[in-house]
Amino acid sequence: MTGLVSRKATNRRKITMPKGGARTRSGPAPDPNALQRERDAGEWTILPAQGRAGATPVWPLTEESRREAELWERLWRLPQALMWERYGQEVEVALYVRRLAEAEEPESKVTVGTLVRQMADSLGLTTPGMRANRWRVDAGQEPAPSARPAAKRASARSRLKVVPGGDG
């Protein structure tokens with residue numbers, strides 16, 4: 001292995017650096033349309049859009065805050081919760097909830113936010129995380145669109161003002 005050599009004259013040592021190889025998210029992302037191909041059909045797990053029904057698991061960590069309880073309840077209703085339950089990931093989800101509640105605090109450190117994103121990916125809570133886990137939410141049962149109508153935007157022309165006395 002090749003490495004970098006420290007420039008300090010008093011303490012020369014060789015530092016080995018890792019070489020290439022498999023990295024998280026390296027290579028092309030799995031093609032979700034590959035479900036149409038017979039050979040890939042068994043690799044993707046289709047999750048029901050209505051999410052997980054049933055009682056929420058018991059909180060596995062020490063005392064939970066009110067915010068943690070809210071997040072815990074909400075997360076266990078998601079489609080991904082079916083997979084967490086299947087693989088016994090209650091502790092991982094609870095740790096995510098705890099770190100997310102911590103990241104929401106005004107004085108939280110940036111590193112906590114980074115950890116929350118990484119945990120969300122591994123739990124399949126983000127689009128890249130869903131892709132990496134090869135999970136898809138059933139497209140035949142898309143959630144109903146929001147009841148709130150889209151805000152009407154004014155045209156650029158209607159936002160312009162005529163300024164009196166301008167020589168233009």
* To do: Could you tell me the separation between the CG atom of Leu115 and the NZ atom of Lys109, rounded to the nearest 0.5 Å?
  => 13.0 Å
* **Cluster check Val97, Leu78: I/L/V/M/F/W/Y, side chain < 4.5 angstrom** => yes
* Heavy-atom closest contact (Pro60 atom, Ala94 atom, distance) -> CG-CB, 3.6 Å
* Is a side-chain N or O of Trp84 found less than 3.5 angstrom from the main chain of Leu123, in a donor-acceptor match? -> yes
* To do: Would you please test Thr45 and Met83 for side-chain contact (heavy atoms from CB on, under 4.5 Å) and show each step?
  => CA-CA 9 Å; Thr45 301; Met83 300 306 289; 3.8 Å; yes
* Taking all non-hydrogen atoms of both residues, which atom of Ala103 and which atom of Ser108 are closest, and how far apart? -> O-OG, 3.0 Å
* **Main-chain N/O of Ser65 paired to Glu68 side chain as donor or acceptor, under 3.5 Å** => yes
* Asked: So do Arg136 and Met130 actually touch side chain to side chain, heavy atoms under 4.5 Å?
  -> no
* Structure fact -> Heavy-atom closest pair (Asp138 atom, Pro48 atom, distance to 0.1 Å) is CB-CA, 4.4 Å
* To do: Give a yes or no on whether the backbone of Ala55 and the side-chain of Arg52 come within a donor-acceptor separation of less than 3.5 Å.
  => yes
* Asked: Is there a side-chain contact between Leu125 and Gln80, using heavy atoms and a 4.5 Å cut-off?
  -> yes
* Regarding Arg98 and Thr62, is there a side-chain donor-to-acceptor distance under 3.5 Å anywhere? -> yes
* To do: Answer with yes or no whether the side chains of Thr56 and Glu73 bring together a donor and an acceptor at under 3.5 Å.
  => yes
* Asked: Got a second to check how far Arg99's CZ is from Thr111's OG1, nearest 0.5 Å?
  -> 10.5 Å
* Asked: Can you tell me how far the CG atom of Asn133 sits from the OG1 atom of Thr126, to the nearest 0.5 Å?
  -> 8.5 Å
* Asked: Heavy-atom distance under 4.5 Å between the side chains of Val93 and Glu90, does that happen here?
  -> no
* Would a 4.5 Å heavy-atom cut-off, applied to side chains only, mark Leu82 and Arg86 as touching? -> no
* Could you tell me whether the side chain of Trp135 reaches within less than 4.5 Å of the side chain of Ile46, counting heavy atoms only? => no
* To do: Group every Ile, Leu, Val, Met, Phe, Trp and Tyr by side-chain heavy-atom contacts under 4.5 Å, then state whether Val91 and Tyr96 land in the same group.
  => yes
* To do: Compare every heavy atom of Ala81 with every heavy atom of Leu75, then report the nearest pair and how far apart it is.
  => O-CB, 3.8 Å
* Closest approach of Trp72 to Pro57 (non-hydrogen atoms, all atoms of both residues) -> NE1-O, 2.8 Å
* Where is the tightest heavy-atom contact between Met119 and Glu92, given as atom of each residue plus distance? -> CE-O, 4.2 Å
